[in-house]
Amino acid sequence: MVVVGLALLLGGVALVVVMRSALLEQVADAARSRAASVDAADPHPVEDDDGFVQVIDAGGRVVAATSNVAGADAVDVRPGDTTRVDVVPGEDMLAVAVRSGDRTVVAGQSTDDVADATGVVTRLLGLGLPVLLGIVAVTTWWTTGRALAPVEAVRAEVDEISAAELHRRVPDPRGQDEIARLARTMNRMLDRLEEAQTRQRQFVSDASHELRSPVASIRQHAEVALAHPDRITVPDLAGTVLAEDLRVQRLVEDLLLLARADEHRLRPAEHPVDLDDLVLEEAARLRAAGAVTVDTTGVSAARVTGDATALRRVLRNLGDNAARHAGGTVALSVGSRDGTVTLAVEDDGPGIAPADRERVLRRFVRLDEARDRDAGGAGLGLAIVDELVRAHGGEVEVGESAGGGARVVVRLPAG
């Protein structure tokens, strides 16, 4: 309102100034026309209460004048100029001079009408501008209040949403304006927060469930050893505790890696890595285990830029997953083409249904819920593969092998 008030004030002042200047110009034109109409050689000025006329000779003497300036000294104004004079008592006049032969005709015109008109306009502006400013203030207050009411509704709703009520949403006003887009953006943010909270709770629940099994196993064997020392030997107890401890260690390491991935802290080193060498190392490890036959005929030279340790973990998880489900053969292949390195791990097992091929990349997902936990793992292997590959700028795709088993394809930028 201060800005609008200043603008109106400046506009009003400019209006009065321009109007006064225009009216004075009209008065000067009228005086100039009157002076031009007087015959200086035989002057007989027409009487006019709102003006005067003087005819001045070359010596500066008044040779003729209207009665209202009779006996007054000659007005000192050069031909072509305009000046303010007060030759008539109580009258503010504008005088102009026009050369006529060897004489000068000076005509004056009253500016009282200009002052009256300017005064009327000034008074009207003085009364009208505050009223107009008040109308603008009320209108602005009302329209702004209506425009910001949805914002206040959004603010009030967000202020009441707690961590336990992320299912709530802010009011969604109709339209496509900025406030409606703000409300929809807030709701999308709440969707993401609710999804993140749900994933976090599920993560904690699944992790607790996975950790409970080895802890319970260790406790059970320890209680049996204490209650019946003759039924379990120290080496047997130590072997059981060590196996369960290693299981807990692997699970904790996997959880820490996934936690760093959630915090966007997975920043693998950037070194040249010969992926084909890592694939052959993993093939040798699987062959040494003796559980499956490993086919590496599809391995060719391929280099990527990344972290060798992280890529070894990707290969180990894929190899263990394939060996666990294979009927007897696992095939490893790697190659480079058009700037992309493609790694494929296939098995001849039962395969993965198309509806489950994206789900297996999620955390704690085991398609066979009845599978023994020691054989089936915690359901984090492929999830870790997906996180590490994406940290290297690649992608993971689950499909079907030529023999009907599972085929996991990893694509990475070539080094």
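Keep in mind that the numbers below use all heavy atoms, side chains included, and drop hydrogens, waters and symmetry copies.
- The side-chain heavy atoms of Val136 and Met1, taken from C-beta on, include a pair separated by under 4.5 Å.
- No donor-acceptor pair closer than 3.5 Å links the side chain of Arg411 to the backbone N or O of Val341.
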Side chain to side chain donor-acceptor pair (under 3.5 Å) assessment of Arg168 paired with Ser162: CA-CA 9 Å; Arg168 297 175 60 174; Ser162 64; over 6 Å; no
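- For Thr143 (side chain) and Thr140 (main-chain N/O), a donor-acceptor pair under 3.5 Å exists by modelled atom type.
- Summarising the geometry of Ala183 relative to Val170, their closest heavy-atom pair is O-CG2, 3.5 Å, with the distance given to 0.1 Å.
- Counting only distance, with no hydrogens or angles, the side chain of Arg169 and the backbone of Leu166 share a donor-acceptor pair below 3.5 Å.
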Checking salt bridge (charged side-chain N to carboxylate O under 4.0 Å, His left out) for the pair Arg219/Glu223: CA distance, chi angles, key distance, verdict? CA-CA 6 Å; Arg219 179 178 178 179; Glu223 289 176 347; 2.9 Å; yes
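- Thr293 places no side-chain N or O within donor-acceptor distance of the main-chain N or O of Thr329, the cut-off being under 3.5 Å.
- Counting only distance, with no hydrogens or angles, the side chain of Gln54 and the backbone of Asp73 share a donor-acceptor pair below 3.5 Å.
- Looking at Val154 and Ile179, their side chains never come closer than 4.5 Å, going by heavy atoms from C-beta outward.
- Under the 3.5 Å distance criterion, the side-chain polar atoms of Asp348 are matched with a main-chain donor or acceptor of Gly327.
- No side-chain donor-acceptor contact under 3.5 Å links Ser21 to the backbone of Val17.
- Between Val396 and Leu361, some side-chain heavy-atom pair lies under the 4.5 Å cut-off.
- Looking only at distances, no side-chain donor or acceptor of His392 sits under 3.5 Å from a matching main-chain atom of Pro413.
- Asp356 contributes no side-chain N or O that, together with a main-chain N or O of Arg359, makes up a donor-acceptor pair within less than 3.5 Å.
- A side-chain donor-acceptor contact under 3.5 Å links Ser37 to the backbone of Arg34.
- Contact annotation: the side chain of Met189 never approaches that of Glu194 to less than 4.5 Å [non-hydrogen atoms, C-beta and beyond].
- Taking the side chain as every heavy atom from C-beta outward, Asp57 and Asp102 never approach each other to under 4.5 Å.
- The side chain to side chain contact (heavy atoms under 4.5 Å, CB included) test with Val105 singles out one residue from Val96, Ile56, Val38, and that residue is Val38.
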